[in-house]
Enquirer: 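One structure coming up, written as structure tokens, with questions to follow.
All of these numbers come straight from a predicted model, not from anything done at the bench. Proteins come first, then strands; the chains are lettered A, B, ... in the order of their sequence lines, and each starts at number 1.
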2 protein chains.
Amino acid sequence: MSKYIVADDHPLFRNAICQVLKTIEETPDIVEAQDMASLQTKLTDHPDADLVLLDLHMPGAHGFSALAYVKGQSPELPVLVVSANEKPEIMQRAVEFGSKGFLPKSSGIEDIQTAIKSALQGEVWLPDSAGEQTPASKDECKLMKGIASLTPQQYLVLTMLAEGLLNKQIAYELDVTEATIKAHMTAIFRKLSVRSRTQAVLAISKLNLESPQNIES
Amino acid sequence: MSKYIVADDHPLFRNAICQVLKTIEETPDIVEAQDMASLQTKLTDHPDADLVLLDLHMPGAHGFSALAYVKGQSPELPVLVVSANEKPEIMQRAVEFGSKGFLPKSSGIEDIQTAIKSALQGEVWLPDSAGEQTPASKDECKLMKGIASLTPQQYLVLTMLAEGLLNKQIAYELDVTEATIKAHMTAIFRKLSVRSRTQAVLAISKLNLESPQNIES
DNA sequence: ATTTTCATTAGACATTAGTCGTACAGGCCC
DNA sequence: GGGCCTGTACGACTAATGTCTAATGAAAAT
């Protein structure tokens, strides 16, 4: 029997995924998470999980940074990215950043089954609509590694930074002093190789949807 | 005879566009710009231009903010957006934000001719690959209006902010005091309806590639 | 059991960012 | 010309940001 963690903020969609899981095996062990905070808890509570089905657009998730964070917390745990996004570049990026595949939400049941089985066996599955080449980028990979090295608390602070909040506001939300947030910021900047909150925001926004159309004459 | 402003940072591609223009009329009046700074100059020097062919990925341009800026400087001047980007959402956004069409760089000569002729007649042309609906977003439109209302100097400061530069660095580059840059920042924040440089960066990064995949169950 | 490592927490201090009031030059209307 | 608006520019002041040092506690290594 396999244990799955289903991370998606839509109850209906989580349910749909669970239904498919039951077609794969009779009594799957399913853990659900509806945001990054609960996902983090589930990851530590269930270190024996076999697969994470991860939506990149949950509350607290910012594009690929969510994937990087999960890979950083549980490097050995296979992750299958699920998203409404259909763009080939996004699919390729997901795999490049450590995902065992990419599942568009428009996928049919058979594709979902195939993708999950592949991921469990350590293989990568992509829909036919995904293109061929994987351009890769030094800076992006470095950034992904940086995000993966963040602690849970630091990742949380980063997402709140990405909401445009002030240090003071973040401190209030997390019930710590502003000085603590500043210390986290400094640590985050170092790990992401940036020098200010402005550059940090720029870095992760590039990560979200940057298409590699920079290959120019 | 019509006067064109061709704004693209690739000399080869500018040349190619010029060749096509010559097939439309015998002696087109062509003005070229290779970055946003020179484009700004050309706009003021040639207020009698009939059409701008604008690449969204020039130095100094940040996605749609470049389009917004041009529309703000010369509201009556038709703009035809040229880009390597092929995504339907991007094409729709371009039109929604005031462009007279969208020309993928992979277009054939006939399409380019058609698009230019349409634009000159005030009509909108889109390639077949562009989808149907135009979702639109209140916030995005408001933001575009804000960018369009920026003065040239303010736009310049905004682009440098989007490079992750400090006020001090921007001041040095523009050869003014830091106090001046701060004043510009405050003005920019007001026009973009944000309260800090962090939020300003977030706002324009959303504008660049935000796909309306937020229509959720 | 002890050491080591590291996340988390903060206070003191220095730097950067942002607001306000103001000044000056050019364009425009009357 | 004399007002009037606007873009640009600046200094002074306040708020926010970032660095450094250091203490605590918890987990991992020895």
Side-chain angles (χ1 to χ4, degrees), chain A residues 37 40-41 43-45 47 69 72-75 146-203, chain B residues 37 40-41 43-45 47 69 72-75 146-203:
Chain A
Q40 179 202 316
T41 309
L43 284 175
T44 54
D45 291 353
Y69 175 71
Q73 292 298 301
S74 308
I147 294 175
S149 73
L150 294 177
T151 67
Q153 198 74 317
Q154 287 167 356
Y155 182 79
L156 189 53
V157 171
L158 178 61
T159 62
M160 297 175 84
L161 167 59
E163 307 287 344
L165 298 182
L166 301 176
N167 286 345
K168 189 180 290 185
Q169 295 173 302
I170 300 174
Y172 177 78
E173 295 282 340
L174 300 184
D175 198 30
V176 295
T177 62
E178 203 177 336
T180 304
I181 301 304
K182 291 178 185 175
H184 282 315
M185 285 293 176
T186 302
I188 292 170
F189 297 161
R190 284 203 216 290
K191 289 182 178 178
L192 300 192
S193 302
V194 298
R195 306 163 55 80
S196 68
R197 65 205 293 108
T198 303
Q199 291 182 357
V201 168
L202 284 167
Chain B
Q40 181 202 315
T41 309
L43 284 175
T44 54
D45 291 353
Y69 175 72
Q73 292 298 302
S74 308
I147 293 174
S149 72
L150 294 177
T151 68
Q153 203 63 326
Q154 288 168 356
Y155 182 78
L156 189 53
V157 171
L158 178 61
T159 62
M160 296 174 87
L161 167 59
E163 306 287 343
L165 299 181
L166 301 176
N167 286 344
K168 189 181 289 187
Q169 296 173 300
I170 299 174
Y172 177 79
E173 296 281 342
L174 300 184
D175 198 29
V176 294
T177 59
E178 203 178 336
T180 304
I181 301 304
K182 291 177 182 174
H184 282 313
M185 285 292 176
T186 301
I188 292 169
F189 297 161
R190 283 202 217 290
K191 289 182 178 179
L192 301 192
S193 302
V194 298
R195 308 173 58 77
S196 69
R197 63 206 293 108
T198 303
Q199 291 183 356
V201 168
L202 284 166

Enquirer: Can you tell me how far apart CG (L202(A)) and CG (L202(B)) are? Round to the nearest 0.5 Å.
Expert: 8.5 Å

Enquirer: Let me know the distance between NZ of K182(A) and P of dA15(D), rounded to the nearest Å.
Expert: 13 Å

Enquirer: Where do N167(B) and M185(B) come nearest, in terms of heavy atoms and distance?
Expert: OD1-CE, 3.4 Å

Enquirer: Please tell me which of K191(B) and T186(A) maps to the more 5' nucleotide of DNA chain D, matching each residue to the nucleotide holding its nearest heavy atom.
Expert: K191(B)

Enquirer: Give the nucleotide from the list dC20(C), dG18(C), dC10(D) with an atom nearest to the side chain of T180(B).
Expert: dC10(D)

Enquirer: Under a 4.0 Å heavy-atom cut-off, which of residues 146-176 of chain B touch DNA chain D?
Expert: T151(B), Q153(B), V176(B)

Enquirer: Round to the nearest Å and state the distance from E178(B) atom CD to dG18(C) atom P.
Expert: 11 Å

Enquirer: Would you list the pairs meeting ring pair (Phe, Tyr, Trp, His ring centres under 6.0 Å) in which at least one residue belongs to residues 149-172 of chain A, sequence neighbours left out?
Expert: Y69(A)-Y155(A)

Enquirer: By the side-chain hydrogen bond (donor to acceptor under 3.5 Å, both in side chains) test, which pairs, at least two apart or in different chains, include something from residues 178-187 of chain B?
Expert: T177(B)-T180(B)

Enquirer: Kindly give the heavy-atom pair with the smallest separation between Q73(A) and L43(A), and that separation in Å.
Expert: CB-CD1, 4.3 Å

Enquirer: To the nearest angstrom, how far is Q199(B) atom CD from dA16(D) atom P?
Expert: 13 Å

Enquirer: Taking OP1 and OP2 of dT15(C), is either one under 4.0 Å from a side-chain nitrogen or oxygen of R195(A)?
Expert: no

Enquirer: Measure CE/M185(B) against P/dC10(D) and give the value in whole Å, please.
Expert: 15 Å

Enquirer: Quick one: closest heavy-atom pair of L161(A) and A200(A), and the distance?
Expert: CD2-CB, 4.0 Å

Enquirer: Counting just side-chain N and O atoms, does R197(B) come under 4.0 Å of either OP1 or OP2 of dG18(C)?
Expert: yes

Enquirer: Please report, rounded to the nearest Å, how far the C1' atom of dT19(C) is from the CZ atom of R190(B).
Expert: 8 Å

Enquirer: Whole angstrom is fine here: how far is it from CD1 in I181(B) over to C1' in dA17(C)?
Expert: 13 Å

Enquirer: dT9(C), OP1 or OP2 - any side-chain N/O from T177(A) closer than 4.0 Å?
Expert: no

Enquirer: Please round to the nearest 0.5 Å and tell me the distance separating atom CG of L158(A) and atom CD1 of I147(A).
Expert: 6.5 Å

Enquirer: Check whether any side-chain N or O of H184(A) sits under 4.0 Å from OP1 or OP2 of dG18(D), and answer yes or no.
Expert: no

